[in-house]
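Okay, so here's the structure we're looking at.
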Protein chains: 2
Amino acid sequence: MSQDAHPPAPARRRDSAATRAAILKAARETFTQRGYDGAGLREIANAAGADTRLIGRYFGSKEGLFAEVVDLAYEKSMMMTPEHNAEAARTLLTGEGGAQADGLLLTLRSASNPRAAAIMRDSIERNYQRRLADALPGTDTTGRSAVLIAICAGVLLNRLLLGHTALNGPDTERLIPYLHAALDAVAKVPQSAGGEK
Amino acid sequence: MSQDAHPPAPARRRDSAATRAAILKAARETFTQRGYDGAGLREIANAAGADTRLIGRYFGSKEGLFAEVVDLAYEKSMMMTPEHNAEAARTLLTGEGGAQADGLLLTLRSASNPRAAAIMRDSIERNYQRRLADALPGTDTTGRSAVLIAICAGVLLNRLLLGHTALNGPDTERLIPYLHAALDAVAKVPQSAGGEK
DNA sequence: ACCGTATGTCGACAGCTGTGGACATGCAAG
DNA sequence: CTTGCATGTCCACAGCTGTCGACATACGGT
């Protein structure tokens, strides 16, 4: 790492930390938009105003860069606890996919690559899912949080990636109660242990 | 293996219909396994025992071949009506992803490509979703079927593509009731119109 | 038996990919 | 100033991709 002196910090024209951050930001945007395979290192470097070779220098490889991006993208993600499910359902069906959905969007577009999938699985289980499981009531919060994440990912996939017509019309709001109920069915503690009619 | 014409049937060594079918089968398997971008035409042709150039001859382009594969893959897909949701939840969480899930699997691995996504959206809305919407009770079956498809796609994504640990253990069966309830929440007609208890 | 044509085969093209080596440059320390 | 190293830049490599033109062959109708 760079040994930036604590007191002075004289705005150097050659700032490795700044270029590293610029690359990371550009990589996050490009990966989220094009997916792991679809994003080229030259495209990322160009968007960051940096040289392609610097990516290899600072992040080792494309996978290394991707891993850092994934961890970053899942820092702030939507919660699907009973008290947040109304908002989550609305965001999933009508939201533009801001920072709360960036992680899932990145995952959807990169899931086809096995290496990228392994990286994302690790990050999700280590960060996002753990956070969600801790906020969930009841038992088996780990498994239920996985199902909740899956549902959200599926909705985003159909709406934003596939552009499903039924999920992109101006009256998509009418589906919010259904999705809300589906999320609650997993997030809330079961009312009756066995089953229902 | 060669299809005979009605009267004579001279087992021709050069059978365009047979090679076309072989290419289509190999393409379906390869696309389902590697996704649209990940599957190469040379790989498909090699798996079919045919020459790469024949793909261009019979299907025009990679997109043309993919379109036929997608229509084929969505011919037989799982249903998520109230009476089938128990089986659907079990298949989604523990099944190996047979013919019932081939379409969704193909979609998940190819969704990152915008052109492929458009082809799949068209096929889904025209075949799968229409069939599911017709089988659903209640109102707004189109929108609800879209949500159901999204949920299933999300579960398959997390379990098979990402290899989510919580969805791949030997005791994944314990999550079936939760997923079943989530599917029912969308597939069944709402018990109370406005709200819930 | 012959020939037209459908069928299959070979090679080539331009374009892209991730990665690496070799070189130029600016900044800071002595 | 000079010197050393971190930082940035350029070019090249091998490998892959989808598409296409030109050629060889075998089959079906005559």
Side-chain angles (χ1 to χ4, degrees), chain A residues 1-24 26-27 30-31 34-67 69 110 112-116 119, chain B residues 2-24 26-27 30-31 34-69 110 112-116 119:
Chain A
M1 301 302 179
S2 63
Q3 63 282 9
D4 50 347
H6 295 180
R12 339 187 279 176
R13 287 162 52 189
R14 292 188 147 194
D15 190 337
S16 66
T19 52
R20 220 191 100 105
I23 291 174
L24 204 55
T30 311
F31 276 138
R34 303 230 198 284
Y36 181 81
D37 286 324
L41 292 184
R42 287 166 178 82
E43 182 183 6
I44 293 174
N46 194 50
D51 188 87
T52 310
R53 197 61 191 80
L54 291 182
I55 297 180
R57 213 197 282 282
Y58 290 140
F59 299 92
S61 66
K62 190 181 185 181
E63 286 187 22
L65 174 60
F66 185 73
V69 168
S110 306
S112 52
N113 185 298
R115 312 270 293 176
I119 293 173
Chain B
S2 63
Q3 188 76 1
D4 297 349
H6 298 178
R12 342 187 279 175
R13 289 159 52 188
R14 292 186 151 194
D15 190 337
S16 67
T19 52
R20 220 191 101 105
I23 291 174
L24 205 54
T30 311
F31 276 137
R34 303 229 197 283
Y36 180 81
D37 286 324
L41 291 184
R42 288 168 179 80
E43 182 183 7
I44 294 174
N46 194 50
D51 188 88
T52 309
R53 195 63 189 78
L54 292 182
I55 296 181
R57 213 197 283 280
Y58 290 139
F59 299 93
S61 65
K62 190 182 186 182
E63 286 188 21
L65 174 62
F66 184 72
E68 287 210 27
V69 167
S110 307
S112 51
N113 184 298
R115 313 268 293 175
I119 293 173

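Chain naming here is simple, since letters A, B, ... match the order of the sequence lines and numbering starts at 1 in each.
Contacts with DNA chain D (heavy atom under 4.0 Å) in residues 50-58 of chain B: B:T52, B:R53, listed by number. DNA chain C lies under 4.0 Å from at least one heavy atom of each of the following residues of residues 37-45 of chain B: B:R42.
Atom CD1 of residue A:I23 and atom CG of residue A:D51 lie 9.0 Å apart, to the nearest 0.5 angstrom. Taking CD of B:E68 as the start and CD1 of B:I119 as the end, the distance is 11.0 Å to the nearest 0.5 Å. Interatomic distance, B:L24 CG to B:I55 CD1, rounded to the nearest 0.5 Å: 10.5 Å.
In this structure, CD1 of B:I23 is placed 14 Å from P of D:dG18, rounded to the nearest angstrom. Rounded to whole angstrom, the span from the CG atom of B:N46 across to the P atom of C:dG8 amounts to 16 Å. Taking atom NZ of residue B:K62 and atom C1' of nucleotide D:dC20, one finds them 17 Å apart after rounding to whole Å. Note: CZ (A:R20) to C1' (D:dG8) measures 16 Å, nearest angstrom. B:N113 places its CG atom 13 Å from the C1' atom of D:dT17, with the value rounded to the nearest Å.
In terms of heavy-atom proximity, B:V69 sits nearest to B:F31 at CG2-CD1, 4.1 Å. Contact detail for B:S112 and A:S112: the closest heavy-atom pair is OG-OG, 3.8 Å.
Between B:S61 and D:dG18 there is no side-chain N or O to OP1 or OP2 distance below 4.0 Å. Distances shorter than 4.0 Å separate none of the side-chain N or O atoms of B:S16 from OP1 or OP2 on C:dA6.
Contacts of A:A26 classified as side chain to side chain contact (heavy atoms under 4.5 Å, CB included), with partners at least two apart in sequence or in another chain: A:I44, A:A47, A:A48.
The side-chain hydrogen bond (donor to acceptor under 3.5 Å, both in side chains) pairs that include a residue from residues 54-66 of chain B are B:E63-B:R115, where partners are two or more places apart or lie in different chains. Sequence neighbours left out, the pairs with a member in residues 35-45 of chain B that pass side-chain hydrogen bond (donor to acceptor under 3.5 Å, both in side chains) are B:R34-B:E43, B:D37-B:N113.
Each end of the helix from C:dA1-D:dT30 to C:dG30-D:dC1 gets its own axis, taken as the rotation carrying the C1' atoms of four end pairs onto the next four within a five-pair window, and the two axes meet at 0° to the nearest 10 degrees.
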